[in-house]
Structure formats: structure tokens, C-alpha cells
Amino acid sequence: MTGQLEGKVALVSGAARGQGRSHAVRMAEEGADIIAFDLCDQISSIQYPMATPDDLQETVAAVEATGRRIVARQADVRALDSVRAVVADGVAEFGRLDVIAANAGIASFAKNTWSITEDEWDDMIGVNLSGVWRTVAAAVPAMIDAGNGGSIVLTGSTGGLRGISMIAHYVAAKHGLVGLMRTLMNELAPHNIRVNVIHPTGVQTPMITNDYMGEFLGEYPDYAKYFVNALPVENIQPVDISNAIVYLSSEAGRYVTGVELPVDAGMSQRV
Ligand SMILES: NC(=O)c1ccc[n+]([C@@H]2O[C@H](COP(=O)([O-])OP(=O)(O)OC[C@H]3O[C@@H](n4cnc5c(N)ncnc54)[C@H](O)[C@@H]3O)[C@@H](O)[C@H]2O)c1
């Protein structure tokens, strides 16, 4: 059976682990070749371990196990030239670009908005908002040049739909992505390139399954109530987000653009 993304090429940021790895593998299963990159290093204001070069190698192996090809690089969404270099290498190898999954992100918590340190604020906006803009800015020209249309999916959060205490910097960045998506949608529609945001609820990845998160919730036990889903599931799986990206980027989603798609087990509408 033909895959839903047969013959396409997909760029994935933050591809070393978690949702990014799942997006790379899932799109490869549907027939896409993958251009993957990740920082694979620690950011000093982030208090849980970030991905490593070995993690990125695991993604490479998992994509290759599907029979598809992958170009994988270490690169930082905070450095436009480094993302441009990844895109150039990938497009030189595969000759086109059809999908951008702007997924790389970080998380940190503070007692309240006025306790967020300047480093925490700047790192958050630098990665979760400006980093998504840089990913798109670096990759869109290749997508337009290829002339095949395309799909850009930005990873938001339920924190892009409402204010959540103790993460104002994360919430501001994820709301910002919605504005970025709305403008890009208008600019890119004439090229038949669609742009959407997915808002995941809690996803079982090392971003939330770590000691720092456990300690934070121990200190503020009431906080967990902000993250309760309507459906009876504690956290969803990375593949649940990957499947939504496949849908949005496939023929089935060909006229879907400019939308915010919550994949949130009903969390944002729960009363
Ligand atoms: N896990 C959740 O509960 C959850 C919920 C909603 C939204 N999200 C969002 O989903 C996305 C993926 O997160 P995840 O859950 O897979 O977490 P994760 O920590 O497992 O993966 C994030 C990846 O992004 C990479 N990254 C971070 N900074 C980078 C940079 N400057 N340049 C390149 N790569 C960088 C990390 O190294 C890591 O591999 C993020 O945008 C996150 O905000 C996560």
C-alpha cells in the first residue's frame, strides 16, 4: 500500500527524542525521507537533561529501519545559519522539501511570572518562538523553490490556548506561534503551502517524565489540576501528535490551513 507521504521530504526540528523522533519515524513509515536536526546539548536554564548525540543516532537508526533515508545534523534553532546549513544539506541530498515539523522546544517553571529569570525568559522565547520562526525562515525558500506546495506544522501546546500559572514565558511563546502561523498561512497560501498549529496536552516524553518535573509537582501539588484531561488518559503518546502531523501533511488534509488543532484529550474544553 502506498504511504500517505510517499515521495515527500520532511524536516523535523528537535528530532533526537520524544515527539520529534516519533514524527521522523512516523513520517518515514508513510514514505517520506527525513531531514532531522537537534541541539543535542544542554541549555543552562533548563533543569532536566536535554537530548544527546546518541539520542539523535537512535532516531537515525529508527528511520533507517523503516527503509527510508535520513540526513541528521546537530543544529540550534537559536542560530539561523545552522538551520540553513541543515536544510541545504538535506535538500542537496533529497532534492525537495514538502513538510516542516517545527517541534523543538524547552520547558521551565517559576513560582510566578515575576520570578522568571531573564535567562529563563530569553531562552524560552529564543527556542520556543524565535526558534520556530528561524526553522521556517530557513526552510520555506527551499519549499517554495521545489514548487510542490507543502505543509508546515508548528508544535504549540494547550499553553497556547489559555494562560497557565507558573509558565508565562512558555505560554507567551506558544501563543506567539499562533500569530506566526496566521501570518504565514496568508503569505504561503498562493504557493499551495499550508500552515497549522497542533496543541498537544501532556505527552509522555522526557520533557515531562523527569526528576525536575516530579520535584516541582511535589512542591506545588495543586499544580497538576491544570493538566487534567477530559478523556480518561493521564498523558498521551508522541505518536498521537505524529498522526495528526501526517494527517495535516497528507492529501487528506489538503484544504486544511490556518487552524489550531488541539490534540489534547479534551483538556482545553474540560469544565
Ligand atoms: N511533552 C509534553 O507534555 C508537551 C506538551 C505540549 C507541547 N509540547 C511541545 O512539544 C515539543 C516537543 O517536546 P517533547 O515533549 O518531545 O520534549 P523533549 O524534551 O523530549 O524533546 C524536545 C527536543 O527539542 C530539542 N531542542 C531543544 N532546544 C533546541 C534547540 N535550541 N535547537 C534544536 N533542538 C532543540 C531537545 O534537544 C529535544 O530533543 C516542544 O515544542 C514542546 O514544547 C510538549
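All residue numbers refer to positions in the sequence shown, counting from 1. Just so it is clear, the model here is predicted, and its values are computed rather than measured.
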Can you name the nearest heavy-atom pair linking Ile167 to Ser108, along with the distance? CG2-O, 3.4 Å
Just so I know, are the side chains of Val87 and Arg84 near enough to count as touching, which here means a heavy-atom distance under 4.5 Å? no
Treat each ILVMFWY residue as a node, draw an edge where side-chain heavy atoms are under 4.5 Å apart, and state whether Val83 and Val127 are in one component. yes
Can you tell me how far apart CD1 (Ile198) and CG (Asn243) are? Round to the nearest 0.5 Å. 9.5 Å
To the nearest 0.5 angstrom, please state how far the CG atom of Asn229 sits from the CD atom of Gln269. 13.0 Å
Please check if the side chain of Asn148 supplies one atom and the backbone of Leu97 the other of a donor-acceptor pair under 3.5 Å. no
First locate atom OG of Ser22, then atom CD of Gln204, and finally report the distance between them rounded to the nearest 0.5 Å. 13.0 Å
Donor-acceptor pair, side chain of Arg134 and main chain of Val77, under 3.5 angstrom: yes
Return yes if some donor-acceptor pair links the side-chain N/O of Tyr170 with the main-chain N/O of Asn128 below 3.5 Å, else return no. no
How close do Pro200 and Ile241 get, heavy atom to heavy atom, and via which atoms? CB-CD1, 3.5 Å
Taking ring pair (Phe, Tyr, Trp, His ring centres under 6.0 Å) as the definition, give me every residue that meets it alongside Phe216, ordered by chain and number, with sequence neighbours left out. Phe109, Tyr220, Tyr223
Sort and list the pairs that fulfil salt bridge (charged side-chain N to carboxylate O under 4.0 Å, His left out) and have at least one residue in residues 34-60, not counting sequence neighbours. Arg21-Glu58
Test of understanding: clusters of I, L, V, M, F, W, Y form through side-chain heavy atoms closer than 4.5 Å, transitively. Do Val12 and Val203 belong to the same one? yes
Can you measure from NE2 (His23) to CD1 (Ile245) and round to the nearest 0.5 angstrom? 3.5 Å
Using modelled atom types and a 3.5 Å cut-off, is there a donor and acceptor pairing between side-chain atoms of Thr59 and backbone atoms of Ala16? yes
One should read off an interatomic distance between Thr201 OG1 and Arg270 CZ, to the nearest 0.5 angstrom, of 10.0 Å
For a 4.5 angstrom cut-off between non-hydrogen side-chain atoms, does Arg26 reach Val239? yes
Would you call Lys8 and Ser151 a side-chain contact if the rule is heavy atoms closer than 4.5 Å? no
Hey, any chance Met124 and Ile116 share a hydrophobic cluster, counting ILVMFWY side chains that come within less than 4.5 Å of each other, even indirectly? yes
Closest non-hydrogen atom pair between Thr66 and Ala28, with its separation: OG1-CB, 3.4 Å
Kindly give the heavy-atom pair with the smallest separation between Ile34 and Phe94, and that separation in Å. O-CE1, 3.4 Å
Smallest separation among heavy atoms of Tyr48 and Arg17, with atom names: CE1-NH2, 3.7 Å
Tell me every residue that passes salt bridge (Lys or Arg N to Asp or Glu O under 4.0 Å) with Arg182, counting only those two or more places apart in sequence or in another chain. Glu260
Within one Ile-Leu-Val-Met-Phe-Trp-Tyr cluster: Val132 and Val99, side-chain cutoff 4.5 Å: no
Donor-acceptor under 3.5 Å (Gln42 side chain, Met50 main chain): yes
Donor-acceptor under 3.5 Å (Thr257 side chain, Val195 main chain): yes
Would a distance-only check, ignoring hydrogens and angles, find a side-chain to backbone donor-acceptor pair under 3.5 Å from Asp98 to Val9? yes
Going by side chain to side chain contact (heavy atoms under 4.5 Å, CB included), name the residues that satisfy it together with Ala75, two or more places apart in sequence or in a different chain. Phe37, Ser82, Val86
Do any N or O atoms from the side chain of Glu30 and from the backbone of Gln4 form a donor-acceptor pair under 3.5 angstrom? yes
Does one hydrophobic cluster hold both Leu11 and Tyr247, with members joined at side-chain heavy-atom distances below 4.5 Å? no
Taking Arg194 for the side chain and Val256 for the main chain, is one N or O donor matched with an acceptor at less than 3.5 Å? yes
Side chains of Asn103 and Ser13, heavy atoms from C-beta outward: is any pair under 4.5 Å? yes
For a quick test of your reading: what N or O donor-acceptor pairs under 3.5 Å do the side chains of residues 152-165 make, sequence neighbours left out?
unit_1 : atom_1 : unit_2 : atom_2 : d
Ser157 : OG     : Gly159 : N      : 2.8
Arg162 : NH2    : Tyr226 : O      : 2.6

Check whether more than 12 heavy atoms from other residues, nucleotides or ligands sit under 6.0 Å from atom CG of Asn112, and answer yes or no. yes
Who passes side chain to side chain contact (heavy atoms under 4.5 Å, CB included) against Ile144, sequence neighbours left out? Val140, Leu188, His191, Ile193
Quick check: do Thr209 and Met213 have side-chain heavy atoms less than 4.5 Å from each other? no
Using 0.5 Å steps for rounding, measure from the CG atom of Asp240 to the CG atom of Asp264. 11.5 Å
Check Gly258 against Asn196 and note the closest heavy-atom contact, atom names and distance. N-OD1, 3.0 Å
Please answer whether the main-chain N or O of Met207 pairs with a side-chain N or O of Asn210 as donor and acceptor at a distance below 3.5 Å. yes
